[in-house]
Amino acid sequence: MVAISTLLLAACDGAKRQQPDNSIVAVAVAPNPSVQVGREPLGASELQTLPLVGSVIDALRFTDRHGDEAVVFFLLATHAEDPVDGTVSDRIVLSAAVYPLPGTPAPTMAIWQHSDDFECDGVDIEAGFYLDSVSVTDLDGDGTAELTFAYHRFCGGGIDPRDVTVVLREGGNSYVLEGQTRVRVGDDPPFGGGFQMDAALSAAPQWVQDKVLLTFQQLRDEPAEETW
């Protein structure tokens with residue numbers, strides 16, 4: 001199985017909302033959700049109708065009031081060495097793309113895409129999606145699916161936090177949290193575990209913030225699996 005990552009900061013400033021370390025938020029669910037909740041694998045024949053932008057890590061389908069859609073998770077990794085000074089550069093691009101279904105003989109273009117591109121020079125690099133964190137919900141009961149996923153990344157060495165990104169997409173809206181895993185070494189107090197919301201998430205309804213925060217809190221103490 002593959003893991004996921006991106007980002008940042010050990011502490012949030014006063015303008016950002018941060019949950020106490022031990023809290024788990026409760027996410028309200030609509031009485032009659034109109035989205036098929038869960039993760040159904042995408043068939044190989046349907047996958048062939050989609051433009052692929054890297055190695056496919058996973059592909060899932062779901063249905064809401066807009067019809068059938070698929071989300072495909074990609075990883076593209078490159079390794080290069082400078083012929084002059086021997087400097088090694090590793091680059092990983094993580095992408096999640098949503099496509100309409102059913103596909104047609106011609107490639108179906110993505111209706112939404114989130115990508116993260118990063119590079120490390122001469123040090124360890126790792127990245128991937130937390131596939132167990134992927135969820136399709138209809139928490140507000142409006143018939144439009146909320147797709148939530150997360151990924152991690154790390155560039156360096158030693159015992160340091162991994163950067164973690166959580167994304168929630170609902171229709172044309174995207175909400176992003178950037179944070180860090182929390183690291184414990186022996187009996188010392190843990191470090192890392194902070195997070196920061198983007199402007200859209202900071203202004204989002206409470207249930208959106210709670211869903212993203214719950215996903216992050218469930219990941220920040222989990223070890224990330226290397227995917228490259």
Report the distance from atom [atom1] of [X] to atom [atom2] of [Y], rounding to the nearest 0.5 Å.
X      : Y      : atom1 : atom2 : value
Gln113 : Ser174 : CD    : OG    : 11.5 Å
Thr165 : Asp198 : OG1   : CG    : 10.5 Å
Ile125 : Arg91  : CD1   : CZ    : 10.0 Å
Leu94  : Ile92  : CG    : CD1   : 6.5 Å
Arg220 : Leu213 : CZ    : CG    : 9.0 Å
Ile57  : Leu75  : CD1   : CG    : 5.0 Å

Derivation of the side chain to side chain contact (heavy atoms under 4.5 Å, CB included) call for Phe149 and His114: CA-CA 11 Å; Phe149 62 92; His114 174 93; 4.1 Å; yes

Expected output: side-chain [X] to main-chain [Y] donor-acceptor under 3.5 Å:
X      : Y      : result
Asp210 : Leu214 : no
Glu40  : Phe62  : no
Thr215 : Lys211 : yes

Are the side chains of [Y] and [X] in contact, using a 4.5 Å heavy-atom criterion?
X      : Y      : answer
Asp140 : Glu170 : yes
Leu168 : Asn173 : no
Glu119 : Ser89  : yes

side-chain contact (heavy atoms from CB on, under 4.5 Å) partners of Asp68, counting only residues at least two apart: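 With sequence neighbours excluded, Asp68 shows a side-chain contact (heavy atoms from CB on, under 4.5 Å) to Arg61, Thr63, Leu101, given in chain and number order.
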
Using every non-hydrogen atom in the two residues, find where [X] and [Y] come nearest and quote the distance to one decimal.
X      : Y      : value
Glu146 : Leu139 : OE1-N, 2.8 Å
Leu47  : Ala59  : CD1-CB, 4.1 Å
Ser133 : Leu219 : CB-CD1, 4.2 Å
Glu46  : Leu42  : OE1-CD1, 3.2 Å
Leu201 : Val176 : CD2-O, 3.6 Å
Thr144 : Asp138 : O-OD1, 3.6 Å

Single-linkage hydrophobic cluster, 4.5 Å side-chain cutoff, Val93 and Phe118 together: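 In one cluster with Val93: Phe118, no.
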
Path from Phe73 to Leu76 over hydrophobic side-chain contacts below 4.5 Å: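 Different clusters.
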
Which residues share a salt bridge (Lys or Arg N to Asp or Glu O under 4.0 Å) with Asp160, sequence neighbours left out: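 Testing Asp160 for salt bridge (Lys or Arg N to Asp or Glu O under 4.0 Å), a comparison that skips the adjacent residues, returns none.
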
Sequence-distant partners of Glu69, salt bridge (Lys or Arg N to Asp or Glu O under 4.0 Å), two or more places apart: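 For Glu69 the salt bridge (Lys or Arg N to Asp or Glu O under 4.0 Å) partners, ignoring immediate neighbours, are Arg169.
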
Partner set under side chain to side chain donor-acceptor pair (under 3.5 Å) for Ser95, not counting sequence neighbours: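 Residues passing side chain to side chain donor-acceptor pair (under 3.5 Å) with Ser95: Ser115.
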
Verdict with supporting geometry, Val134 and Leu147, side chain to side chain contact (heavy atoms under 4.5 Å, CB included): CA-CA 7 Å; Val134 178; Leu147 169 66; 4.2 Å; yes

By ring-ring contact (aromatic ring centres under 6.0 Å, His included) - contacts of Phe216 (at least two apart):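 By the ring-ring contact (aromatic ring centres under 6.0 Å, His included) rule, Phe216 matches Phe195.
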
Step-by-step side chain to side chain contact (heavy atoms under 4.5 Å, CB included) determination, Val56 to Phe74: CA-CA 5 Å; Val56 175; Phe74 302 95; 3.8 Å; yes

Pairs involving residues 136-169, ordered by first then second residue, that meet disulfide bond (SG atoms under 2.5 Å apart) (sequence neighbours left out):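 Qualifying pairs, neighbours excluded: Cys120-Cys155.
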
